[in-house]
Amino acid sequence: GSEDAGLPPSILSACHEVVSIPSERYSSYNVASAGSIVLYDRLIAPEILELVGAQAARTPAGVALEWAGATLTYATLEGCACALGAWLVAYGASADRVVALELHRSLEQVVGMLGVLLAGGAYLPLDPTWPLERRQFIVADGGCRQLVAQSPHAAELVGSGFDGTV
């Protein structure tokens with residue numbers, strides 16, 4: 001339909017297939033019909049990373065993100081995300097790890113999400129406006145050993161006992 005416009009065919013196929021699965025089979029369903037996208041833990045990540053990388057190669061100076069009067073080009077977005085991803089891998093991020101992202105809505109938030117995906121991990125978004133105790137519980141419950149945060153928020157969690165990598 002018209003709401004499908006612009007989505008890659010593999011994503012559309014996977015989404016349509018997931019919607020048709022009886023709910024009792026979700027836990028045993030792993031791979032979309034296209035065979036290249038694993039559902040519930042890797043559905044969108046490969047597509048996003050592939051799309052950003054391809055666009056960065058085509059138009060490196062093109063504006064990828066705009067927020068509050070600031071912009072990032074595709075080359076800068078990809079470069080920053082790759083640098084963050086490499087840092088996360090160096091400090092233990094992997095496919096079985098969850099990385100806490102405590103960032104306000106910003107250009108950095110998008111860089112953080114892409115960086116975690118490039119590292120192969122999953123990200124757990126934390127709203128910096130939530131009470132500290134709630135954020136502490138979520139980080140502990142999620143088993144997060146890495147935290148990507150803007151400085152004041154990092155200091156707050158570290159000061160409250162977070163002993164992972166910031």
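Side chains are part of it too, since the values below use all heavy atoms of this structure and drop only hydrogens, waters and symmetry mates.
Both L49 and M113 are assigned to one and the same hydrophobic cluster, defined by single-linkage of ILVMFWY side chains at heavy-atom distances under 4.5 Å. Under a hydrophobic-cluster definition in which Ile, Leu, Val, Met, Phe, Trp and Tyr are linked whenever side-chain heavy atoms come within less than 4.5 Å, directly or via other members, L117 and L107 are assigned to the same cluster. Cluster membership check: Y123 shares its hydrophobic cluster with I48, using side-chain heavy-atom separations under 4.5 Å among Ile, Leu, Val, Met, Phe, Trp and Tyr. Residue L118 is not grouped with residue V89 when hydrophobic side chains (ILVMFWY) are merged at heavy-atom distances under 4.5 angstrom, including chains of intermediate members. In the hydrophobic clustering of this structure, V63 does not group with L77; members are Ile, Leu, Val, Met, Phe, Trp, Tyr whose side-chain heavy atoms approach within less than 4.5 Å, directly or through other members.
At a threshold of 4.5 Å between non-hydrogen side-chain atoms, the residues V99 and L147 do not count as touching. Proximity of C80 to L84: side-chain heavy atoms (C-beta onward) are nowhere separated by under 4.5 Å. Counting heavy atoms from C-beta outward, R135 and E102 have side chains that approach closer than 4.5 Å. Within the 4.5 Å cutoff, the side chain of W67 has no heavy atoms near those of the L72 side chain.
A pairwise comparison of heavy atoms in A119 and G85 identifies CB-O, 3.7 Å as the closest pair. Taking each heavy atom of G92 and R97 in turn, the nearest pair found is O-CG, 3.4 Å. Taking each heavy atom of T73 and A61 in turn, the nearest pair found is CG2-O, 3.6 Å. Residue Q150 comes nearest to S106 through the heavy atom pair NE2-OG, 3.5 Å, listed as atom of the first residue, atom of the second, then distance. Across all non-hydrogen atoms, the minimal contact from L103 to E108 is CD1-O, 3.6 Å. For the residue pair C144 and L124, the shortest heavy atom distance occurs at SG-CD2, 3.7 Å.
Within the model, atoms CG of L88 and OG1 of T165 stand 9.0 Å from one another, a figure rounded to the nearest 0.5 Å. To the nearest 0.5 Å, atoms CG (L132) and CZ (F137) are separated by 14.0 Å.
With T129 contributing its side chain and D127 its backbone, the two residues share no donor-acceptor pair below 3.5 Å. Formation of a donor-acceptor pair under 3.5 Å by the T59 side chain with backbone atoms of Q55 is found in this model. Remark: side-chain polar atoms of Q136 are not paired, donor with acceptor, to backbone N or O of L157 under 3.5 angstrom.
For Y91, the ring-ring contact (aromatic ring centres under 6.0 Å, His included) test picks out W87, with sequence neighbours left out. Scanning for salt bridge (charged side-chain N to carboxylate O under 4.0 Å, His left out) contacts around R145 gives D163, with sequence neighbours left out.
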